[in-house]
Every structure is written in structure tokens, then in C-alpha cells.
Amino acid sequence: MRKVTYSMNVSLDGYIVGPDGGFDWTEPDGELFRFATDQLREVGVHLLGRRLYETMLYWEDAEQDPALGFSTAEWAELWRGLPKVVFSTTLTDVRGRARLASGGPAEEIARLRAEPGEGDIAIGGAALAAEVAAAGLIDEYRARVHPVLLGGGVPFFPQAERRVDLDLVEHRAVGPRTLCLRYRVTHPRAGDPGDAV
């Protein structure tokens, strides 16, 4: 079955966007960009909320930017070719390989898992991730931790009042400043004490 993954840049104190809405602290160096490109190769479809979709529209036409280096252009090409599902109550149309969601996140994920296809089902955006997490559908959390304390903003982890146990699957420094962490959700077995959590 296809995994559902949630991956974002995150500050050391757990935020994906600062209190001012800024995320300039996430600008990747070449090594981190190559790492993100390799992760993108594992994705079969990307689910996005409206705000992240609009932020990522830059990459639909990025090849026209003469300042792009090879690794950036490669990422842009992969992103453009990737199917995307956008969750929005205000958008009426989307561009490129994107389509508007016809149901809620749980219905879309069930449909995508039932269809033939390869690659992860990636989630982008905190609000959408919180809804998917509340339904117990996230299989892996992938955090690219940057050395900055923001003191507030939009949190990476959904603020739900339920415990989620995780297993560390991978950790590695990427470039001189970023630690990349990958945690798998530990689903309790039937009859385990954790079932009540």
C-alpha cells in the first residue's frame, strides 16, 4: 500500500512558517536541494492546501528563470511532472498537472491507494496535514530541521490531543546547517495498551 508522508522545512522550535508568515530561513544550499530532489523522486502524487499550492506555482514556469542552476531546474522539472491534488474551497481552477480535490483528504487518499500507481502520497501544508493526521492516515513524518528559533508561527506537528508513537527511520545532516529526520508512525497492534490512546 502506498505510504502517506508529510514533509516540510521546520525550525528547531517546531514551526514551518514564522509569526510574520516568513520562511526565508528555509533557503536551501546545493546539498539540501539535491536531497529534496531525491525525496521528490519517491513521490507519486502530492496533496496540497491552497496556500502551499499558490506558493509552489512559481515552479510551474521556473524554467524561464535564467538564474536557475542545474539542480534547481531538475527539481522544477520533476515538480511540474508530478500529479497534484489541491484542497481549496475558494479556487475554481488549477494549473499544470494539478486537479482540485473532489472529496475530503480521507476520501482522496483512499481513492489514490485503491488506484494503480507507485510512489508515496505526499502531504504539503500544516492545515491539510493536521486533518490527515487526525484521521490517522500519516505513515511518515519527514522534517528538515533548520538552525533557527522562530518563537511562534505555524507548527509543523498537528496540535491534536492524541498521542502518536514514532520510530526513527533515518537521520542525517545535509549540508552544514540542516538535520533531516524521518519518523515512521507506530500503529498499535490490536489489544496493545496503546489502543486507548
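- Put simply, the side chain of Y53 reaches to within 4.5 Å of the side chain of R95, judged on heavy atoms.
- Across all non-hydrogen atoms, the minimal contact from E140 to V185 is N-CG2, 4.5 Å.
- Taking a 6.0 Å sphere around CD of E77, one finds it holds 12 or fewer heavy atoms contributed by other residues, nucleotides or ligands.
- Nearest approach of L91 to L100, heavy atoms of both residues: O-CD1, 3.7 Å.
- Applying the ring pair (Phe, Tyr, Trp, His ring centres under 6.0 Å) test to residues at least two apart or on different chains, the pairs with a partner in residues 136-157 are Y6-F156, W25-H146, Y141-F157.
- Listed by chain and residue number, V145, H171, L179, Y183 satisfy the side chain to side chain contact (heavy atoms under 4.5 Å, CB included) test with L181 (two or more places apart in sequence, or in another chain).
- Applying salt bridge (Lys or Arg N to Asp or Glu O under 4.0 Å) to E74 and the options R41, R80, R34 leaves one that passes, R41.
- Applying the salt bridge (charged side-chain N to carboxylate O under 4.0 Å, His left out) test to every pair with at least one member in residues 9-26, sequence neighbours left out, gives no pairs at all.
- In terms of heavy atoms, V132 sits closest to P105 at CG2-CB, 3.7 Å.
- With sequence neighbours excluded, the residues satisfying salt bridge (Lys or Arg N to Asp or Glu O under 4.0 Å) with E54 are R50.
- The shortest heavy-atom contact between P176 and D29 is CD-OD2, 3.0 Å.
- At a threshold of 4.5 Å between side-chain heavy atoms, the hydrophobic network of Ile, Leu, Val, Met, Phe, Trp and Tyr places L57 and W59 in one connected group.
- Both I138 and V85 are part of a single hydrophobic cluster, where members link through side-chain heavy atoms under 4.5 Å apart.
- Among residue pairs with one or both ends in residues 82-94, those qualifying as salt bridge (charged side-chain N to carboxylate O under 4.0 Å, His left out) are E60-K84; sequence neighbours excluded.
- In this structure, the side chain of T178 does not engage the main chain of G175 through any donor-acceptor pair within 3.5 Å.
- Pairs engaging residues 104-131 under the salt bridge (charged side-chain N to carboxylate O under 4.0 Å, His left out) rule: R99-E108, E108-R111, R113-D139, D120-R142 [sequence neighbours left out].
- Under the side chain to side chain contact (heavy atoms under 4.5 Å, CB included) criterion, P147 pairs with R177, sequence neighbours left out.
- Every residue two or more places apart in sequence or in another chain that forms a side chain to side chain donor-acceptor pair (under 3.5 Å) with S88 is listed here: T90.
- Listed by chain and residue number, I16, V17, A126 satisfy the side chain to side chain contact (heavy atoms under 4.5 Å, CB included) test with V154 (two or more places apart in sequence, or in another chain).
- Placement of F33 and F23 in two distinct hydrophobic clusters is found when ILVMFWY residues are connected by side-chain heavy-atom separations under 4.5 Å, directly or transitively.
- Between Q39 and R144, the side chains place a donor N or O and an acceptor N or O closer than 3.5 Å (distance only, hydrogens not considered).
- In this structure, V164 and L166 have side chains that are in contact, with non-hydrogen atoms separated by less than 4.5 Å.
- Placement of L168 and L12 within a single hydrophobic cluster is found when ILVMFWY residues are connected by side-chain heavy-atom separations under 4.5 Å, directly or transitively.
- V169 and L40 are members of different hydrophobic clusters when ILVMFWY side chains are connected at heavy-atom separations under 4.5 Å.
- For the atom pair D165 CG and T186 OG1, the distance stands at 6.0 Å (nearest 0.5 Å).
- Rounding to the nearest 0.5 Å gives a distance of 15.5 Å between NZ of K3 and CG of L137.
- Of all heavy-atom pairs spanning V4 and I123, the tightest one is CG1-CG1, 3.7 Å.
- The side chain to side chain donor-acceptor pair (under 3.5 Å) check on R51 picks up nothing, with sequence neighbours excluded.
- In the hydrophobic clustering (ILVMFWY side chains linked at under 4.5 Å, chained through shared members), F35 is joined by L32, V174.
- For residues 85-125, there are no ring pair (Phe, Tyr, Trp, His ring centres under 6.0 Å) pairs, not counting sequence neighbours.
- When all heavy atoms are compared, the tightest approach of P19 to G152 is CD-O, 3.1 Å.
- For R2, the CZ atom counts as densely surrounded, since its 6.0 Å shell holds more than 12 non-hydrogen atoms of other residues, nucleotides or ligands.
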